[in-house]
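Here's the structure we're looking at; comments come further down.
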Amino acid sequence: MSRPRIVIVGAGFAGYRTARVLSRLTRHRARITLLNPTDYFLYLPLLPQVAAGILEPRRVTVSLSGTLPDVRLVLGEADAVDLEGHTVHYSGPEGDRGTLPFDRLVVAAGSVNKLLPVPGVAEHAHGFRGLPEALYLRDHVTRQLELAAAEDDPKSCSARCTFVVVGAGYTGTEVAAQGQLFTEAQTRRHPLTPRWLLLDIADRVLPELDERLSRTADKVLRERGVDVRTGTSVKEATHGGVLLSDGEFIDTRTLVWCVGVRPDPLVESLDLPMERGRLLVDPHLQVPGRPELFACGDAAAVPDLEKPGSYTPMTAQHAWRQGKVAARNVAASLGIGERRAYRHRDMGFAVDLGGVKAAANPLGLPLSGVAAGAVTRGYHLAAMPGNRVRVAADWLLDAVLPRQAVQLGLVRSWSVPLDTASPELARVPGSLEKPEKPVEDQMNEPAKNQPGGEPAKNQPGGEPAKNQPGGEPAKNQPGGEPAKNQPGGEHTEPPGPVKREDIPPDPRPDSSAEGDS
């Protein structure tokens, strides 16, 4: 008798945990295939430390083939799912296409940057969902400070030393906190004054967390000199800076977009019942009427049994736990063990503010200062599925040695556009995004709203809607090195046509948190 075929789409927190637990539960009684664009699991909560030069990039990545025994890794991006034919169609990293048959399918495709219809943002901002974006931001910030040190024009120098982060959720708050320390360390020997602004339409930073954590983070940021502006967002982004919703224009070459996430576009293509872009599942993480289909993580709208009528937020904490439950229930559907509903207990949150500072409430106990910093780093070491010694070693070296402020130039501005369906991959010459339109139509369409393309005109929008979608009103998004006539740098024409995703604003407030914390 042939072994059942299990395909898992995505190797984020949910997908990685599903594969890991399933491998242990099935013990060679099933063929498990993991489809993912990269060969690593990315520990997203530590990504701001990569951008700040604390951790080396490989420290926050964990090898899939090296840590998932008896799991077949297929490199590629899922293009479509044929539910009737029980197949997943995918595109490989070298342009090849393939098909994976399945008896059970777990959709854990994760999330991508969430855009708002704000004029100029798609051209002048960069996100913070993948390793390429973090590497780009580190290079870009270093470059702006080096160019500022050689500037004769005080106004241009000031603009290059000004960094704007939109979104004061987990990611945005950590990016601003870590970024301020990073630039301060770089300018100790130069007569430069770096300026960081953290904007959010909400009335406080970390609006999705307990108010005590919010006050702690706000106090630390302001004491360091971060200009925290609540009730404020970007009305328009231009090549010379950003126009704020209160009418003020900020001269800057860096715009980091951290206003939440949305599920991977693959989820919408399934044409199944949705809840705010997420695939509706029952408490057992199974799609009603589809016994072969499971979903978890940011791609799934999972009923919150602790709060009837609501759904679990898009956080890494939930994704990690849901992965374990999904694995158990997939195994149960094959006659191995018993299935169970997803229930959770709030273990608290931790926000790393750089240095020895953090804001945390483990098991509901609010902490700040050095104690919170120790708890936060201890939590990350315990939660990481690998590289613990290397991460701890980098933290130790950072505490006793100055950071190396050099730009490697490995990731260019056009390689990490904001409106991408694949933030985990840097665009390469001649590559195309996963097409949502026929290829012929894309080829005939000008590359608008992309770095190096024709700027979008008459974009809909204006001020972002109240209570921006994404739960955390704004999460770290690396501001980028724009192309010619864009903040920071010379024109670099992106090779090949590129795709533009127009995302209509969600009129309803989204209470879910960002998916990386």
*How long is the gap from CD on Glu174 to CG on Leu353, to the nearest 0.5 Å?*
7.0 Å
_Identified side chain to side chain contact (heavy atoms under 4.5 Å, CB included) partner of Leu100 from the options Arg5, His86, Arg72_ = Arg72
*Within the distance-only criterion (no hydrogens, no angle test), does the side chain of Arg278 pair as donor or acceptor with the backbone N or O of Met274 below 3.5 angstrom?*
no
*Main-chain N/O of His318 paired with Thr315 side-chain donor or acceptor, under 3.5 Å*: yes
*asked:* Within the 4.5 Å heavy-atom criterion, are Val370 and Lys357 side-chain neighbours or not?
replied: no
_Val416 backbone acceptor or donor facing His126 side chain under 3.5 Å_ = yes
*Atom CZ of Arg321 and atom CZ of Arg345: how far apart are they, to the nearest 0.5 Å?*
9.0 Å
*Test item: Asp264 and Leu266 side chains (from C-beta on) under 4.5 Å apart, heavy atoms*: yes
*Any chance the side chains of Ser333 and Arg104 put a donor and an acceptor closer than 3.5 Å?*
yes
*Trace of the side-chain contact (heavy atoms from CB on, under 4.5 Å) decision for Asp139 with Leu408*: CA-CA 7 Å; Asp139 271 7; Leu408 301 178; 4.2 Å; yes
*Min side-chain heavy-atom separation Arg138-Pro57 under 4.5 Å*: yes
*Would you please indicate if the ring centroids of Phe294 and His284 are separated by under 6.0 Å?*
no
*Closest approach of Leu131 and Leu42, non-hydrogen atoms and distance?*
N-CD2, 4.0 Å
*Can you tell me how far the CD1 atom of Ile8 sits from the OG1 atom of Thr33, to the nearest 0.5 Å?*
8.5 Å
*Got Pro93 and Leu75 here, is their nearest side-chain heavy-atom distance under 4.5 Å?*
yes
*Spacing of Leu305 atom CG and Tyr342 atom OH [to the nearest 0.5 Å]*: 9.5 Å
*asked:* Has Asn387 got a side-chain atom pairing as donor or acceptor with Thr61's backbone, closer than 3.5 angstrom?
replied: yes
*Salt-bridge criterion met for Glu56 and Arg403 (N-O under 4.0 Å)*: no
_Min side-chain heavy-atom separation Gln317-Asp346 under 4.5 Å_ = yes
*For the residue pair Leu34 and Val9, establish whether any side-chain heavy-atom pair is separated by less than 4.5 Å.*
no
*Can you tell me how far the CD atom of Gln49 sits from the CH2 atom of Trp395, to the nearest 0.5 Å?*
6.0 Å
_Side chains of His89 and Thr99 only: does a donor on one sit below 3.5 Å from an acceptor on the other?_
yes
*Taking the side chain as C-beta and beyond, is there a heavy-atom pair between Pro48 and Phe128 under 4.5 Å?*
yes
*Closest approach of Ala109 and Ala299, non-hydrogen atoms and distance?*
N-CB, 4.1 Å
_I'd like to know if the side chain of Asn361 reaches the main chain of Gly364, judged simply by a donor and an acceptor atom lying under 3.5 Å from each other, with no hydrogens or angles considered._
no
*Taking it one step at a time, do Arg31 and Ile6 satisfy side-chain contact (heavy atoms from CB on, under 4.5 Å)?*
CA-CA 6 Å; Arg31 287 183 290 174; Ile6 303 171; over 6 Å; no
*Minimum heavy-atom separation for Trp320 to Phe13, with atom names?*
CE3-O, 3.5 Å
*Are the charged groups of Asp218 and Arg204 less than 4.0 angstrom apart, N to O?*
no
*asked:* Looking at every non-hydrogen atom in both residues, tell me the closest pair between Ala331 and Leu25 and how far apart they are.
replied: CB-CD1, 4.1 Å
*Mark yes or no for whether Asn36, through its side chain, and Ala11, through its backbone, hold a donor-acceptor pair below 3.5 Å.*
yes
_Quick check on Asp96: does its CG atom have over 12 non-hydrogen neighbours (other residues, nucleotides or ligands) under 6.0 Å away?_
yes
*Main-chain N/O of Ala19 paired to Ser23 side chain as donor or acceptor, under 3.5 Å*: no
*Taking the side chain from Asp304 and the backbone from Tyr311, do they hold a donor-acceptor pair closer than 3.5 Å?*
no
*Taking atom types as modelled, is there a side-chain donor on Gln322 or Thr18 under 3.5 Å from an acceptor on the other?*
no
_Could you go through Asp419 and Asn113, starting from their C-alpha distance and side-chain angles, then the distance that decides it, and tell me whether this counts as side-chain contact (heavy atoms from CB on, under 4.5 Å)?_
CA-CA 7 Å; Asp419 53 347; Asn113 295 315; over 6 Å; no
_Closest approach of Thr376 to Ala360 (non-hydrogen atoms, all atoms of both residues)_ = OG1-CB, 4.0 Å
*State, without any angle test, whether Gln286 and Arg290 hold a side-chain donor-acceptor pair at a distance under 3.5 Å.*
no
*Taking everything shown except Glu292 itself, do over 12 heavy atoms lie less than 6.0 Å from its CD?*
yes
*asked:* Under the criterion salt bridge (charged side-chain N to carboxylate O under 4.0 Å, His left out), I'd like the reasoning laid out for Arg97 against Asp79: C-alpha separation, chi angles, the key distance, then a yes or no.
replied: CA-CA 9 Å; Arg97 295 185 178 275; Asp79 297 323; 2.9 Å; yes
*Assess whether side-chain contact (heavy atoms from CB on, under 4.5 Å) is satisfied between His380 and Tyr43, documenting all intermediate values.*
CA-CA 9 Å; His380 286 315; Tyr43 190 75; 2.9 Å; yes
*asked:* What I'd like to find out is whether the side chain of Leu280 reaches to under 4.5 Å of the side chain of Leu272, using heavy atoms alone.
replied: no
*Could you tell me which non-hydrogen atom of Val112 sits nearest to which non-hydrogen atom of Ala421, and how far apart they are?*
CG1-O, 3.5 Å
*Mind checking the CG-CD1 spacing from Leu73 to Ile32? Nearest 0.5 Å is all I need.*
13.0 Å
*asked:* Keeping Ser214 on the side-chain end and Val205 on the backbone end, is there a donor-acceptor pair under 3.5 Å?
replied: yes
*Under the salt bridge (charged side-chain N to carboxylate O under 4.0 Å, His left out) rule, what do Arg343 and Glu306 come out as? Steps first, then yes or no, please.*
CA-CA 7 Å; Arg343 288 183 177 274; Glu306 303 298 319; 3.5 Å; yes
_Is it true that Arg129 and Ser111 share a donor-acceptor pair across their side chains at a distance under 3.5 Å?_
yes
*Just checking, is any N or O donor in the side chain of Tyr16 or Thr67 under 3.5 Å from an acceptor N or O on the other one?*
yes
_Looking at Arg340, is its backbone amide N or carbonyl O close enough to the side chain of Asn329 to form a donor-acceptor pair, meaning the two atoms are under 3.5 Å apart?_
yes
